[in-house]
Structure formats: C-alpha cells, structure tokens
Number of protein chains: 2
Amino acid sequence: MKVSNQNIEIDGIDKEILRALMQDARTPILEIARGVGISGAAIHQRLRKLEKSGLISGSKFTINPKILGYTTMAFIGIYLDKAMSNPEAVKQLRKIPEVIECHYTTGNWSIFIKILCRDNEHLMQLLNKDIQSISGVSRTETFISLQQQIDRQIPI
Amino acid sequence: MKVSNQNIEIDGIDKEILRALMQDARTPILEIARGVGISGAAIHQRLRKLEKSGLISGSKFTINPKILGYTTMAFIGIYLDKAMSNPEAVKQLRKIPEVIECHYTTGNWSIFIKILCRDNEHLMQLLNKDIQSISGVSRTETFISLQQQIDRQIPI
DNA sequence: CATGAAAATGCCCCATT
DNA sequence: AATGGGGCATTTTCATG
C-alpha cells in the first residue's frame, strides 16, 4: 500500500526508516539498512527525499521535565477582550517559558495553552502574575493534567 | 548557576549540549565539542551522565502531519459515566491512532485528548463512530486548533 | 571530569547498473 | 531507485592526568 499526497509517495521501506527514526533519532542509518535489507546509500537517498518533501520536520532530544522539577502540566483556556489583537497576546505568551503550546481555537476561548509548572504555587503565580497581567486577557479557565496516558505521533 | 534536583547537577556545558541536541538530535558530538571547547570524549561522558539521570527521555524524528494530510488538530473533553473505569476508556482510546495525547484531568471532564484528523468529516467520524462508541463515554466537547502558535519544550 | 589516541563504526558522495 | 567502494568524519572506549 502506498500513502500518497501531492508529489510524495511513501512505501514500506520509507515507513520502516521513519518508524526507526521516530523512535530514536540517532539510530544509525546502516543499522536501519541492515534491518530492511538494502544498502546504506539507498537509505540515505530515501532520507534526502523524505526531508525534501517536508515530511520530516526535524529531530529533537526530548527532555523529561519532571527531572527539572516541572511535575505539573496544566491547560488554560483564555478569554480575550474583543478589542484585543490576538497576535499581541501570543507575543506576550511567548515570553513566558512555561508556556509550551499555544493555539488559536474555536469555541469559547480565544486562545488555548499548555503549560508546565513546578507546583500549584507556581501555577498560581503564572496565572495571576504572568498571564492575567497580559492586556486583553479577561478571564481564564484552568485544568490540570493529573496524568498523561498517551503521548505519541501520528503512526506511519 | 547550577540547576539541581535530587542527585543531578547541570552546569553550563551540560546546558549547551542539551540545547544543541534539543534543536537537532543529530548534531554531531564533535561539533558540540568544538563549540563549547572541550573534547568529544568529555561530551560523551556528560551525555551518558545525563541519560542515566533520566533527564534525557529520548530522541525523536518529528513528522509533519500536514504532509500526510492531517491538517486539523482538535482537543476533546470527555465526560465519563461515574461507573466507568477510566483505564478501560484509555485502553480504547489508545487503539485510535489519531489520538496523540490523553490526560486524566481535573475539572468537568474526566479525560482530555488531542487528536489529528484529515478534515471535518474525519473529525466527525472520530467523534461519532470511534469515541462516542466507547462504553462509558457520555458526552464530549470539542474545539479545533485553528493555528498552533507555540510548540516547544521547557527551556534549559 | 577532562584528555588524547586508537579502533570501530558510520556518513556520504560517486560512478555504475 | 539501488549498489559497492572509498575517503573522511564521528563515535566510543580506555588509560591516564
């Protein structure tokens, strides 16, 4: 089976390459080559093709925030005044390092963010001091992630 | 300055190593070594220390879901019947590949998920066919990410 | 913790098919 | 698209400071 989109086609070998690298970005190309039974040079060519297609958007070491003391994840829905320019609010949110995701969303909230904090006191400080002080923010609704059960990418 | 937690201490060199690899997991160790001015072997030792501490939880290639046609991200709050065992619901959610995050949360919802879908029709199918059919799910509230403005890790 | 050296391994380009 | 070869870079280990 082929998955195709625009001018990009991904076959089973591409999938195996991607799956290996999605699990561990430092998997040696030659190891993948041995696994799928083609030469390293071929894997290399396919990788260049996949990168050029934009399918591979990067590779990252992932840090466990808990080790740094960030044990609490929370989601915050933000209501903005109608007059407020959303991009300006995002600009201010970007300055808060604890904000790790930020979305414009449909629904009641104008903006929806994900944050990491050390504890409830830290969370309260982020809400009251950092976020509520952004001009245009009228109200927020917060809920805490008690436990994350799934964290993955779309399967290839 | 030192960031410390339990038995782990991270100095400025560790931070430079982590920052480089968080940006690009395939950054050559020797390149980092040249940048910070110590030997490759020393970087290697530090990396092993950081891995052992659990701070580094892995490395991943990141896939751009849009290239595969997954152009829509949505968040769904799920109400579960009181009698329902949450772990069973999570088990069912795990079978849906479009579910890329799943949290137990405080607040009105029992479970909060993030999904990727191809279009609104696909979203509706996920809601009506896949999620609503999970026993114990009484109601859902959905909002769509119109645009993601921030996506990052906690800064080191 | 850091180092240099050395061995092993892998990367990446190329000509060819 | 895939292959093997080969030059060069990187990784990894080790004994030592």
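Per chain, numbering begins at 1; letters A, B, ... match sequence-line order.
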Residue mapping more 5' on DNA chain C - nearest nucleotide basis, A/R26 or A/Q45
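Looking at DNA chain C, the more 5' nearest nucleotide goes with A/R26.
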
Between atom [atom1] in [X] and atom [atom2] in [N], what is the gap in whole Å?
| X | N | atom1 | atom2 | answer |
| --- | --- | --- | --- | --- |
| B/I29 | C/dG10 | CD1 | C1' | 13 Å |
| B/L50 | C/dC1 | CG | P | 11 Å |
| A/E51 | C/dC11 | CD | P | 13 Å |
| B/E31 | D/dT10 | CD | P | 8 Å |
| B/I43 | D/dT11 | CD1 | P | 10 Å |
| A/I10 | D/dA1 | CD1 | P | 12 Å |
| A/R48 | C/dC13 | CZ | P | 7 Å |
| A/I13 | D/dA2 | CD1 | P | 6 Å |

Which part of the nucleic acid, if any, lies within contact of A/R34, taking any heavy atom under 4.0 Å across all strands shown: a base, the sugar-phosphate backbone alone, or nothing?
sugar-phosphate

Applying a 4.0 Å non-hydrogen cut-off, can you work out what B/L30 is touching in the nucleic acid: base, sugar-phosphate, or nothing?
base

Can you tell me how the ring of B/H103 sits relative to the ring of A/F75, calling it parallel under 30°, perpendicular over 60° and tilted otherwise?
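Plane angle over 60°, so perpendicular.
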
Once you measure the plane-to-plane angle for B/W109 and A/F143, does it fall in the parallel (<30°), tilted (30-60°) or perpendicular (>60°) bin?
perpendicular

Should B/H44 be listed as having a side-chain N or O under 4.0 Å from OP1 or OP2 of D/dT11?
no

Does B/R46 make a side-chain N or O approach to OP1 or OP2 of C/dA2 shorter than 4.0 Å?
yes

A/R46 vs A/E16, test: salt bridge (charged side-chain N to carboxylate O under 4.0 Å, His left out). Steps then yes/no.
CA-CA 11 Å; A/R46 283 165 175 269; A/E16 290 204 57; over 6 Å; no

Please find the pair of heavy atoms, one from A/C117 and one from A/L123, that lie closest to each other, and give the distance.
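Reported closest heavy-atom pair: SG-CB, 3.6 Å.
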
Please tell me which of the listed nucleotides, [options], lies nearest to the side chain of [X]?
| X | options | value |
| --- | --- | --- |
| B/S39 | D/dT13, C/dC14, C/dT3 | C/dT3 |
| B/P28 | C/dC12, C/dT3, D/dT11 | D/dT11 |
| B/A42 | C/dG10, D/dG4, C/dA2 | C/dA2 |

Could you walk me through whether B/I131 and B/I96 pass side-chain contact (heavy atoms from CB on, under 4.5 Å), step by step?
CA-CA 9 Å; B/I131 295 170; B/I96 305 173; 4.0 Å; yes

